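Below is one structure, written out as structure tokens, with a few remarks after it.
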Amino acid sequence: YKGQRILVIAPHQDDEVIGAGGTLVKAAKQGAIIKIIFATDGSQDNIGCSVEESVKVRNQEAKQVCEQLNASFHVLPVSNYKTQLSVNQLWQLTKYIHEFKPDVLLLPWLLDAPVKHRMVNHLVGLSNKLKTLPNMEVWGYQVHNTLYPNGYVDISEFINEKQQLINTYKSQNNHIQCYNHLSMGMSAWNSRFLPITKQNGVVQKKYAEVFFTLSSAEFFKLIAQYYDANLNQIYKSNQAISKQINQLMELVANDSGQKRSK
């Protein structure tokens, strides 16, 4: 990872460490340059404070995580509580990606269950249509449902540090779900892909994170083939998100057409 530029896009403040926290710790220790973009502002109504206060709480937690990873970060001005997407937000995302010039892009895998996790994939695809993004590897990380892994990272040495990062998100672990507990089990189950080793005849406990890895060209092709043509299915009949994405697609198509005609 030495010198490698790793850009992480997380739909919410905690997805980045649930899906790839061990990998990020390992990469940081080996000299990688890490930037994290949180695609929503973190607003919630069920973590023991007001919606307005939740933005401060969750982003303070995210700041602490990024400090531990020695990572820079940005938060897109997209409300998590009442999502309203705009082409300006898309341009902001596109700008961040172009400025950072990542070697590797980490984001939730294409078919992760939550609608906003899929939305993040689609926004990156639309960013590429606005302004062709640099060639990079795209690693889809696991947060909710099981992905189809074609790559893994052994994080056995860093599992405690991953748990420390996840524990930083107290607002989520205390009020939403015990993600620290779930992620430990997920990482343990993923270790089935690692070679078995023994010490004094006893099988050693290991932990791994798994990824669905693609070239950026392959990733954008899948977005065009399956996302663009199947909005209702991709967004699980969430009409609000589906409608906003469709409007963004039309705006991007018009913008691209105007550029080609100049």
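Because only heavy atoms are used, hydrogens play no part in the values below, and waters and symmetry mates are left out as well, while side chains stay in. If you read the sequence from its start, that first residue is 1, and numbering goes on from there. Source: prediction; values computed, not measured.
- Within the structure, every pair that satisfies the salt bridge (charged side-chain N to carboxylate O under 4.0 Å, His left out) test and touches residues 221-234, not counting sequence neighbours, is listed here: K129-D228.
- Within the 3.5 Å criterion, the main-chain N or O of A10 finds no donor-acceptor partner in the side chain of D15.
- Using a 4.5 Å cut-off on side-chain heavy atoms (C-beta onward), N80 and R58 make contact.
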Pair up each side-chain donor or acceptor in residues 192-200 with any protein partner under 3.5 Å, not counting sequence neighbours, and list the distances.
unit_1: R192; atom_1: NH1; unit_2: W189; atom_2: O; d: 2.9
unit_1: T197; atom_1: OG1; unit_2: K206; atom_2: NZ; d: 3.3

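- Evaluation of the salt bridge (charged side-chain N to carboxylate O under 4.0 Å, His left out) rule for K29 yields E161 as partners, not counting sequence neighbours.
- Rounding to the nearest 0.5 Å gives a distance of 11.0 Å between OH of Y141 and CD of E209.
- Between V87 and L248 the shortest heavy-atom distance is N-CD2, 3.6 Å.
- Rounding to the nearest 0.5 angstrom, the gap separating the CD1 atom in I47 from the CG atom in N173 is 11.5 Å.
- Two residues are said to be in side-chain contact when any heavy atoms from C-beta on lie closer than 4.5 Å; T83 and K116 meet this criterion.
- For the pair C66/K63, no side-chain contact is recorded, criterion being any heavy-atom separation below 4.5 Å from C-beta on.
- Of all the heavy atoms in T168 and Q64, the pair that sits closest is CG2-OE1, 3.4 Å.
- Sequence neighbours left out, not one pair with a member in residues 33-54 passes salt bridge (charged side-chain N to carboxylate O under 4.0 Å, His left out).
- The 12-atom threshold is not exceeded at NE2 of H181, counting heavy atoms of other residues, nucleotides or ligands nearer than 6.0 Å.
- Here the straight-line distance linking atom CD1 of I9 with atom CD1 of I37 works out to 5.0 Å at 0.5 Å rounding.
- S216 places no side-chain N or O within 3.5 Å of a backbone atom of N135 that could act as its donor or acceptor partner.
- Looking only at side-chain heavy atoms (C-beta outward), F220 and V124 come within less than 4.5 Å of each other.
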For this session: Start with the C-alpha distance between L90 and S127, add both sets of side-chain angles, then the distance that settles side chain to side chain contact (heavy atoms under 4.5 Å, CB included), and finish with yes or no.
Result: CA-CA 6 Å; L90 186 61; S127 288; 3.4 Å; yes
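- Hydrophobic clustering, with ILVMFWY side chains joined whenever heavy atoms are under 4.5 angstrom apart, groups L126 together with L130.
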For this session: Test side chain to side chain donor-acceptor pair (under 3.5 Å) on Q204 and S156 and set out the steps.
Result: CA-CA 10 Å; Q204 297 299 290; S156 304; over 6 Å; no
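- Take S187 and apply the side chain to side chain donor-acceptor pair (under 3.5 Å) test, not counting sequence neighbours, and it matches K162.
- With sequence neighbours excluded, the residues that form a side chain to side chain donor-acceptor pair (under 3.5 Å) with N150 are T213.
- With sequence neighbours left out, E99 forms a side chain to side chain donor-acceptor pair (under 3.5 Å) with no residue at all.
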Could you pull out all donor-acceptor pairs under 3.5 Å where a side-chain atom in residues 103-110 meets a protein atom, sequence neighbours excluded?
unit_1: D103; atom_1: OD2; unit_2: R5; atom_2: N; d: 2.8

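- Contact between Y1 and I6 at its shortest, heavy atoms only, is CD2-CD1, 4.0 Å.
- Within 6.0 Å of atom CG in N70, 12 or fewer heavy atoms from other residues, nucleotides or ligands are found, so the atom counts as exposed in its surroundings.
- Between M184 and M186, the closest side-chain pair of non-hydrogen atoms is not below 4.5 Å.
- Across F100 and I33, no two heavy atoms sit closer than the pair CZ-O, 3.5 Å.
- Hydrophobic side-chain contacts under 4.5 Å tie V202 to no other Ile, Leu, Val, Met, Phe, Trp or Tyr residue.
- Between the side chains of Q239 and S242, no donor-acceptor pair is found at a separation under 3.5 Å.
- Summarising the geometry, atom CD1 belonging to I234 is positioned 8.0 Å from atom CG belonging to L231; distances are rounded to the nearest 0.5 Å.
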For this session: Apply the test side chain to side chain contact (heavy atoms under 4.5 Å, CB included) to residues M136 and K101: give CA-CA distance (whole Å), side-chain angles for both, the deciding distance (0.1 Å), then the verdict.
Result: CA-CA 8 Å; M136 55 193 165; K101 297 181 177 61; over 6 Å; no
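- For the residue pair N88 / S86, no side-chain donor-acceptor distance below 3.5 Å is found, with atom types taken as modelled.
- Each of L7 and L24 belongs to its own hydrophobic cluster when Ile, Leu, Val, Met, Phe, Trp and Tyr are linked at side-chain heavy-atom distances under 4.5 angstrom.
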Exercise. Are D112 and L147 close enough, and set up right, to give a side chain to side chain contact (heavy atoms under 4.5 Å, CB included), and what steps lead you there?
Worked result: CA-CA 7 Å; D112 205 26; L147 50 71; over 6 Å; no
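- In this structure, the side chains of I245 and I241 come closer than 4.5 Å at one or more pairs of heavy atoms.
- Atom-to-atom distance recorded for L133:CG and N128:CG is 4.5 Å, nearest 0.5 angstrom.
- The two residues P77 and Q92 have their closest heavy-atom pair at CD-OE1, 3.6 Å.
- Residue K56 qualifies as open at atom NZ: its count of foreign heavy atoms under 6.0 Å is 12 or below.
- Counting only residues at least two apart or in different chains, salt bridge (charged side-chain N to carboxylate O under 4.0 Å, His left out) contacts with residues 165-178 are absent.
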Problem set entry | Audit row: V252, M249, side chain to side chain contact (heavy atoms under 4.5 Å, CB included) steps and yes/no | CA-CA 5 Å; V252 169; M249 289 170 60; 5.9 Å; no
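- Note on ring orientation: taking the six-membered ring where Trp is involved, the planes of F73 and F38 are perpendicular (angle over 60°, cut-offs 30° and 60°).
- Residues S43 and V51 share a closest heavy-atom pair of CB-CG1, 3.8 Å.
- Although no hydrogens or angles enter the test, the distance criterion places no donor-acceptor pair under 3.5 Å between the side chain of E61 and the main chain of I166.
- Using modelled atom types, one finds no donor on one side chain facing an acceptor on the other under 3.5 Å when comparing S171 with Q44.
- Applying the salt bridge (charged side-chain N to carboxylate O under 4.0 Å, His left out) test to every pair with at least one member in residues 134-149, sequence neighbours left out, gives no pairs at all.
- N190 meets the side chain to side chain donor-acceptor pair (under 3.5 Å) test with Q142; sequence neighbours excluded.
- Contact annotation: the side chain of P102 approaches that of I97 to within less than 4.5 Å [non-hydrogen atoms, C-beta and beyond].
- Note on I34 and V120: separate hydrophobic clusters, where clusters join Ile, Leu, Val, Met, Phe, Trp and Tyr whose side-chain heavy atoms are under 4.5 Å apart, directly or indirectly.
- Panel note: side chain S237, backbone Q233; no donor-acceptor pair is recorded below 3.5 Å.
- A perpendicular orientation is assigned to the rings of H144 and H117, their planes being inclined by more than 60° (bins at 30° and 60°).
- Remark: H12 NE2 to I18 CD1 distance equals 10.5 Å, nearest 0.5 Å.
- Between the E16 side chain and the V8 main chain, no donor and acceptor come within less than 3.5 Å of each other.
- Side-chain heavy atoms closer than 4.5 Å link hydrophobic residues (I, L, V, M, F, W, Y) into clusters, and following such links, possibly through other members, connects V115 to L222.
- Between F212 and L111, the closest side-chain pair of non-hydrogen atoms is not below 4.5 Å.
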